[in-house]
Protein chains: 4
Amino acid sequence: MASVKPAAGKPRKTPKGAARQPTPKPTRDPERTRARILDAAKAEFAAHGLGGARVDRIAANADANKRMLYYYFGNKDDLFLAVLEGAYAHIRDAEKELRLTEIDPPEAIRRLVAFTWEYYLEHPEFMNLLNSANLHQGRHLKKSAKVRTMHSPFVAMIEEVLERGRKSGVFRAGVDPVQLYISIAALTYFYLGNKFTLSEIFGRDLLSPRAKAERLGHMGELVLGFLFKH
Amino acid sequence: MASVKPAAGKPRKTPKGAARQPTPKPTRDPERTRARILDAAKAEFAAHGLGGARVDRIAANADANKRMLYYYFGNKDDLFLAVLEGAYAHIRDAEKELRLTEIDPPEAIRRLVAFTWEYYLEHPEFMNLLNSANLHQGRHLKKSAKVRTMHSPFVAMIEEVLERGRKSGVFRAGVDPVQLYISIAALTYFYLGNKFTLSEIFGRDLLSPRAKAERLGHMGELVLGFLFKH
Amino acid sequence: MASVKPAAGKPRKTPKGAARQPTPKPTRDPERTRARILDAAKAEFAAHGLGGARVDRIAANADANKRMLYYYFGNKDDLFLAVLEGAYAHIRDAEKELRLTEIDPPEAIRRLVAFTWEYYLEHPEFMNLLNSANLHQGRHLKKSAKVRTMHSPFVAMIEEVLERGRKSGVFRAGVDPVQLYISIAALTYFYLGNKFTLSEIFGRDLLSPRAKAERLGHMGELVLGFLFKH
Amino acid sequence: MASVKPAAGKPRKTPKGAARQPTPKPTRDPERTRARILDAAKAEFAAHGLGGARVDRIAANADANKRMLYYYFGNKDDLFLAVLEGAYAHIRDAEKELRLTEIDPPEAIRRLVAFTWEYYLEHPEFMNLLNSANLHQGRHLKKSAKVRTMHSPFVAMIEEVLERGRKSGVFRAGVDPVQLYISIAALTYFYLGNKFTLSEIFGRDLLSPRAKAERLGHMGELVLGFLFKH
DNA sequence: AATGAATGAGCGTTCATTCAT
DNA sequence: CATGAATGAACGCTCATTCAT
């Protein structure tokens, strides 16, 4: 036997006989390495939960040494927090683009519902991350100074829409923007996050184009049917 | 290490018609042993998720030998399925008690919302079990013949209520009972299941008596505000 | 839940709804039970070795309760010894049938070689049992009073044949019958007992009809080529 | 880069009689670690068979962490294969030293018989390894590309000796070198591999100097008595 | 004679993490 | 900045055996 290698290592990137190799993976680029680890960790945590996630798999999928993971993030829990913060930052960034204050209130609510639906549809990993965070009783988030400050602008935006709608006489009064925001997220989250059990129980394909259109329609009617002053 | 958590294991009584049993753990009572394991497993899976659950802890809390767990349930996954089936059976049993078909439609919906709210409030473990089941893409439920047959009665009950309300002119037409059922569950599930992250994000205590009353009120208004024909 | 059954038991012999069953397994027949256990044990030890044999599998294949195994045989090692004794008794019985003293010496040797070949061919389990016994340094046999008295009748028989052959001038003198007996057994044992490694190494099918005929021919020539006085 | 030859090239760190050793276990020496595990595994598999071998004992005797065993070899079965390949490589290397083609045919055969006898006498573990490999129906070897190619040179060497002997008129014609090689190995293998059961049955000490000399003499006479053309 | 229930010890394997270079 | 080697503790699971009936 020629060289001593662990039995189940990843395949060598450079063929043994080659004279020179052009380093296909940009070594010594700390930012890229860090980002690759973070991406791989997000996928792993989303796919298996915090308890089921494997540090080895994260390192392998990041094409990084396992040690680097600890170098950059400390430990598994802190890495999870970093992933969580990144996920929150991402959705908050996307929400900022909505500019609801510039639109007609009913249309703004419709847009908010549609945005929430589409965001979770395109980022199912976010739901799994939140589930893991809650399974662990939020202890990760408690260590984060960042996350708490990211939300007030969005709540204020919804509040402004509700107030405009009320003033113009189309919306009912006394609606708590936080409750409304939670409800809108809830209607999507439960449907998509529990798609496997729900589809098993109801014997329906919940993700067919038709089913998705129906769900989005139902959610819009539900929220606006409630908000409209008749 | 050898300590037994008094959380979920012991306080079962013996209704079998036998005289009295002074020994806290009745040996040679397979039904009780099985039940103790199932209870301990439910608590463990709910507290730590499927991946984070520890077979040793389940056995210890069930005051049983680890081997018995495999004797009765085969393996960890099948035990999880048994827990899941038990949890579904429990909520379905509770739902049957509602007898919505005997009540005035708006009151029936109010009762349904309140029931759902209270059930999840009193059985937070159910949400974690469902999250685990979905994290694993529903593969456990797919092996279960039981669960799929347990649901149609409840959907039919909601359908009957909606239809009665529509006929009497108070409810709007064209509401899918499955969508409505999912939405009612969603409004509770997301709020309670994500209580840790939500409370961290919004800086609110979501479980204070006042907050709970507000949430229940909001949910009722939301659903009925949508259903009522104006 | 109605009845408590282990998860992975053997299939019930009587369908649940059946009214009467005719007891297909003769219960309360100790000799049969003992024999079934012994047979199952022989197969298990031969297939997996002593270390790899599983008491559960033996009981299951014997269609007996595991406890019976201990009731009749004490423990796994003693059961192995019983199997071993049975195997020795069996080959000794077969050897007695040969009656070599009544045949012409060269033909007697030919018959002995053929018998040995065929016996191991038809009872491959015997080789595996002996290998296990030797792996454990013969400690099982040392506890056996039986086996030591079962001396192969062959040795005396072979001695007589050799002596007759020598006197008639066809066989060479000075051949130790024990050495010859061991050699004849060896020529078969190694070929058949190592059939997997040998066929892998030499890239030959050692058990094709042709290969078997060639081996038997070679062994006869080898032994007689040595014995014949030229 | 030095190559890793298991079992053959590894210098013992501490001779048994030595007084003191300076660095008992050289850390961070992967080649040595790997070799220590391989050695310990060979001893364990030989002593207890594949089924009876204990991974813990291998690690302990290798003075290595159990995890390293999996790091280098994947799992127990693959480790067994590595041991098996090493054992085959070792005997084949030793056989190459024989240089039978340079010697007079009868003397070459005598040397081959004596070598085989002595090799198994000095390496009794090899027989147990082969027994385990065959007990598992050769499935380990089937995964090995190496072993199959190691044997043709040796068979060719025997063939050359037989052919030279035949041409010079001392050996009979028509002897299959593979059959002969198997027979020579068999005569030793059965005697030594079954020494415990045989000595128990025949009431002889098979390993006394006198018994060993007699066996070697008998084997030589048997093989040459067959080969010689009279 | 026969059985289902129960057990402690130990199985092969994998975990998150750290060391030495 | 990056890596292969190493670790102790635990993982899910199974072992031969015994208990109570």
Side-chain angles (χ1 to χ4, degrees), chain A residues 4-6 8-9 25-34 51-59 64-72 74-77 79, chain B residues 25-34 51-59 64-72 74-77 79, chain C residues 4-6 9 25-34 51-59 64-72 74-77 79, chain D residues 25 27-34 51-59 64-72 74-77 79:
Chain A
V4 175
K5 279 293 152 193
K25 184 181 70 176
T27 46
R28 309 272 157 181
D29 183 341
E31 300 220 7
R32 293 271 294 269
T33 301
R34 207 191 119 98
R54 296 295 164 247
V55 168
D56 280 271
R57 275 197 300 246
I58 293 173
N65 187 281
K66 215 174 6 167
R67 188 65 187 79
M68 285 294 91
L69 194 154
Y70 291 90
Y71 183 78
Y72 284 115
N75 59 27
K76 193 188 180 186
D77 271 358
L79 175 57
Chain B
K25 185 179 75 169
T27 48
R28 302 279 151 182
D29 184 341
E31 301 210 8
R32 295 272 293 275
T33 301
R34 206 190 123 99
R54 293 295 163 248
V55 168
D56 279 271
R57 275 196 301 245
I58 293 173
N65 189 284
K66 206 176 15 166
R67 186 63 188 78
M68 285 291 92
L69 195 154
Y70 294 92
Y71 185 70
Y72 284 112
N75 60 29
K76 193 188 182 186
D77 271 358
L79 175 57
Chain C
V4 176
K5 282 290 153 196
K25 184 181 70 175
T27 46
R28 309 273 157 180
D29 185 341
E31 299 221 7
R32 293 271 294 270
T33 301
R34 209 191 118 97
R54 295 292 165 252
V55 168
D56 278 272
R57 275 197 300 246
I58 294 172
N65 188 283
K66 215 176 3 170
R67 189 63 187 79
M68 285 295 93
L69 195 152
Y70 290 90
Y71 182 76
Y72 285 114
N75 61 27
K76 192 187 180 185
D77 270 359
L79 175 56
Chain D
K25 184 178 71 168
T27 49
R28 302 278 150 183
D29 184 341
E31 302 205 8
R32 295 273 289 273
T33 301
R34 205 190 122 100
R54 294 294 163 249
V55 167
D56 280 273
R57 276 197 300 247
I58 294 173
N65 188 284
K66 206 171 19 162
R67 186 65 186 79
M68 285 291 93
L69 195 154
Y70 293 90
Y71 185 70
Y72 284 112
N75 58 29
K76 192 188 182 186
D77 271 359
L79 175 56

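Labels below follow one simple rule: chain letters A, B, ... track the order of the sequence lines, proteins then strands, and each chain is numbered from 1.
- Contact record, Asn65(B) with Arg67(B): OD1-N, 2.7 Å, taken as the closest heavy-atom pair.
- Among the nucleotides dC11(F), dA16(E), dT17(F), the one closest to any side-chain atom of Lys76(A) is dA16(E).
- Counting any heavy atom pair closer than 4.0 Å across all strands shown, Ala53(A) reaches sugar-phosphate atoms only and no base atom.
- In this structure, Arg54(C) atom CZ and dC15(F) atom P are separated by 5 Å, rounded to whole Å.
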Pairs counted only when both distances fall under 3.5 Å, Watson-Crick or G-U: show me the 5' to 3' dot-bracket for DNA chain F, [ ] for pseudoknotted crossings and | for other-strand partners.
.||||||||||||||||||||

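- When each of Lys66(C) and Leu69(D) is assigned the nucleotide of DNA chain E bearing its nearest heavy atom, the one mapping closer to the 5' terminus is Lys66(C).
- Rounding to whole angstrom units, CG of residue Asp56(D) and P of dT14(E) are separated by 15 Å.
- Of the candidates dT18(F), dT18(E), dA5(E), the closest approach to any side-chain atom of Arg67(A) belongs to dT18(E).
- Of all nucleotides listed (dG12(F), dA5(F), dT13(E)), dG12(F) comes nearest to the side chain of Tyr70(B).
- Considering Thr33(B), Asn75(B), Ile58(B) as possible partners of Leu69(B), the one that fulfils the side-chain contact (heavy atoms from CB on, under 4.5 Å) test is Ile58(B).
- Rounded to an integer number of Å, the gap from Arg32(B) CZ to dA6(E) P is 12 Å.
- By the salt bridge (charged side-chain N to carboxylate O under 4.0 Å, His left out) test, Arg57(D) pairs with Glu44(D), sequence neighbours left out.
- As rounded to whole Å, 13 Å separates atom C1' of dT14(F) from atom CG of Asn75(B).
- No hydrogens or angles were tested; on distance alone, a donor-acceptor pair under 3.5 Å links the side chain of Asn65(D) to the base of dG8(F).
- Going from atom CZ of Arg57(A) over to atom P of dA16(E) covers 9 Å, rounded to whole Å.
- The side chain of Tyr72(A) lies closest to dA2(F) when the candidates are dT17(E), dG12(F), dA2(F).
- The OH atom of Tyr71(A) sits 19 Å away from the P atom of dT21(E) (whole-angstrom rounding).
- Using a 4.0 Å cut-off, some side-chain N or O of Thr33(A) falls inside it from OP1 or OP2 of dA2(F).
- Contact annotation: the side chain of Tyr70(A) approaches that of Val55(A) to within less than 4.5 Å [non-hydrogen atoms, C-beta and beyond].
- The nearest whole Å value for the distance from the CG atom in Leu79(D) to the P atom in dG12(E) is 11 Å.
- Ranking dT7(E), dA5(F), dT13(E) by closeness to the Met68(B) side chain, first place goes to dT7(E).
- Of all non-hydrogen atoms in Ala59(D) and Lys66(D), the two that sit nearest each other are CB-CA, 3.6 Å.
- Using a 4.0 Å heavy-atom criterion, one finds that Val55(B) contacts the sugar-phosphate atoms exclusively.
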